[in-house]
There are 2 protein chains.
Amino acid sequence: MGATKTDHFTDNQNELAVLAKALGHPARIAIMEYLLKVDTCICGDIVNELPLSQPTVSQHLKELKSAGLIKGSIDGNSICYCINEPGLEKIKGFFEHISAHLEKKRNECC
Amino acid sequence: MGATKTDHFTDNQNELAVLAKALGHPARIAIMEYLLKVDTCICGDIVNELPLSQPTVSQHLKELKSAGLIKGSIDGNSICYCINEPGLEKIKGFFEHISAHLEKKRNECC
DNA sequence: TATATATATTGCAATATTACGATATTGTTT
DNA sequence: AAACAATATCGTAATATTGCAATATATATA
C-alpha cells in the first residue's frame with residue numbers, strides 16, 4: 001500500500017490528477033506565477049525568486065515540466081522556462097467543464 | 001526535511017496549492033466527476049462507484065471536504081455530498097488568470 | 001431493544017514527497 | 001586549458017500520503 005492505484009482509473013482521470021498534483025505545492029504555484037509575471041520566458045533567475053535551495057527548485061521545475069505545465073529550452077549556459085499552454089488548457093478545461101455544469105443545475109439541490 | 005515550507009509562501013499560494021493537491025489523486029478526480037454526473041447531490045452510493053475500500057473512499061472525501069471542494073450534509077443514515085462552488089471557483093480563477101495573461105503575450109517568446 | 005446499514009476513525013505497513021548537501025554536468029569566459 | 005557559472009543528479013533524512021482491516025459511531029428499521 002501507499003502507492004496510488006492508477007490502474008483502476010481512466011487515463012483522463014490520471015492525467016488530470018497528475019496536472020493537479022504538480023500544482024499541489026506552493027513553490028510550484030509560485031513558479032507558475034513568476035513565469036506569468038515576467039514578460040518573456042525567463043532564463044535563469046528562478047532560484048533567486050524562491051526561498052528554497054537550488055537543488056530543491058530544480059526538482060520542482062522538473063516536476064512541473066514532466067507534468068506538462070512548463071517547458072524549458074537550453075539557452076547557452078542557462079535554461080529558458082515557459083508555461084506550456086496545452087497542459088494548462090487541459091486542466092483549465094476540467095474546471096470550466098465543472099463550472100458550466102453547476103451553472104445549469106444551480107438550485108436543484110443543497 | 002520532508003515537510004512543505006508553507007511559511008515561506010503567501011496565503012494565496014498556499015490556498016491554491018491545497019486546492020490543487022486535493023485534486024492530485026485520480027480517485028478524487030473521479031469523485032468530483034461523479035458528483036457532477038448525477039443530477040442532484042448524491043447520498044450514499046459513492047463507495048460503490050469507486051474501486052477502493054470504504055475507509056479509503058471516506059478518507060478521500062474527507063480531504064476534498066477539508067480543502068473546500070465539496071460539502072456534505074447528514075441526511076438520516078447517509079450523507080449527501082455536493083460540490084462546493086466557492087472552492088471550485090477559486091482554483092478555476094487561477095487558471096483563467098493565467099490563460100488570460102498568456103493570451104495577451106502570445107508569440108512574444110518561445 | 002436488537003439488528004442492520006452507512007459512514008468515520010484508528011492503527012499500521014508500503015510507498016511517495018520534500019528538502020538539501022555534495023557532486024556531476026554543461027556551457028562560457030578568460 | 002583553467003576557472004567560472006548555471007543547472008541537474010545522487011544520496012539520504014524527515015515527513016506525508018495511500019490503502020485497508022478492524023473497529024467505532026450513528027441512524028434506521030424490524
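Below, chains carry the letters A, B, ... as their sequence lines are ordered, and counting in each starts from 1.
At least one side-chain nitrogen or oxygen of A:Lys62 sits closer than 4.0 Å to the OP1 or OP2 atom of D:dT9. For A:His60 and C:dA19, the shortest distance from a side-chain N or O to OP1 or OP2 is below 4.0 Å. At least one side-chain nitrogen or oxygen of A:Ser53 sits closer than 4.0 Å to the OP1 or OP2 atom of C:dC20.
Put simply, CG on A:Leu52 and CD1 on A:Ile46 are 12.5 Å apart, with the number rounded to the nearest 0.5 Å. Distance CD1/B:Ile98 to CG/A:Leu23: 7.0 Å, rounded to 0.5 Å. Atom CG of A:Leu64 is separated from atom CD1 of A:Ile70 by 4.5 Å, given to the nearest 0.5 angstrom.
Taking atom CG on A:Asp7 and atom P on D:dG19, their separation rounds to 11 Å, with Å as the unit. Atoms CG (B:Leu52) and C1' (C:dA8) sit 16 Å apart, rounded to a whole Å. The separation between B:Glu49 atom CD and C:dT7 atom P is 13 Å, rounded to whole Å. Between the C1' atom of D:dT7 and the CG atom of A:Asp45 lies a distance of 14 Å, rounded to the nearest Å. Between the CD1 atom of B:Ile79 and the C1' atom of C:dA8 there is a distance of 8 Å, rounded to whole Å. One can place CZ of A:Arg28 at 8 Å from C1' of C:dT17, the figure rounded to the nearest angstrom. Taking atom NE2 of residue A:His8 and atom P of nucleotide D:dT18, one finds them 16 Å apart after rounding to whole Å.
Checking C:dA16, C:dC20, D:dT18 against every side-chain atom of B:Gln59, the shortest atom distance belongs to D:dT18. Here D:dT27 is the nucleotide among D:dT27, C:dT17, D:dG19 with the atom lying nearest to any side-chain atom of B:Asn77. Nearest to the side-chain atoms of B:Ala3 among the listed nucleotides C:dT17, D:dA16, D:dC20 stands D:dA16. Set against D:dT18, C:dA8, D:dT9, the side chain of B:Ser58 has C:dA8 as its closest nucleotide. If you check C:dT7, C:dC20, D:dT15 against the side chain of B:Lys5, the one that comes closest is C:dC20. For B:Pro55, counting side-chain heavy atoms from C-beta on, the closest listed nucleotide (D:dA21, D:dT17, D:dT18) is D:dA21. Side-chain atoms of A:Tyr81 lie closest to D:dA8 of the nucleotides D:dT18, D:dA8, C:dT5.
You'll find the side chain of B:Ile31 reaches within 4.5 Å of the side chain of B:Leu50, heavy atoms only.
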>> One pair to check against salt bridge (Lys or Arg N to Asp or Glu O under 4.0 Å): A:Glu96 and A:Lys92. What are the steps and the verdict?
In response: CA-CA 6 Å; A:Glu96 286 176 342; A:Lys92 181 184 149 217; 3.7 Å; yes
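In a base pair of the Watson-Crick type (N1 to N3 plus N6-O4 or O6-N4) or a G-U wobble (N1-O2 and O6-N3), with each distance short of 3.5 Å, D:dT9 is matched with C:dA22.
Using a 4.0 Å heavy-atom criterion, one finds that A:Gln54 contacts the bases of the nucleic acid, with or without backbone contacts as well. Among the atoms of the strands shown, only primed sugar atoms or phosphate atoms (P, OP1, OP2) are found under 4.0 Å from some heavy atom of A:Thr4.
Classification of the A:His60-A:His25 ring pair by plane angle, with boundaries at 30° and 60°, yields tilted.
A residue-by-residue look at A:Thr6 and A:Leu61 shows that A:Leu61 has its nearest nucleotide of DNA chain D further toward the 5' end. The residue among A:Val47 and A:Lys21 whose nearest nucleotide of DNA chain D is located toward the 5' end is A:Val47. Nearest-nucleotide positions on DNA chain C for B:Lys65 and A:His25 put B:Lys65 closer to the 5' end.
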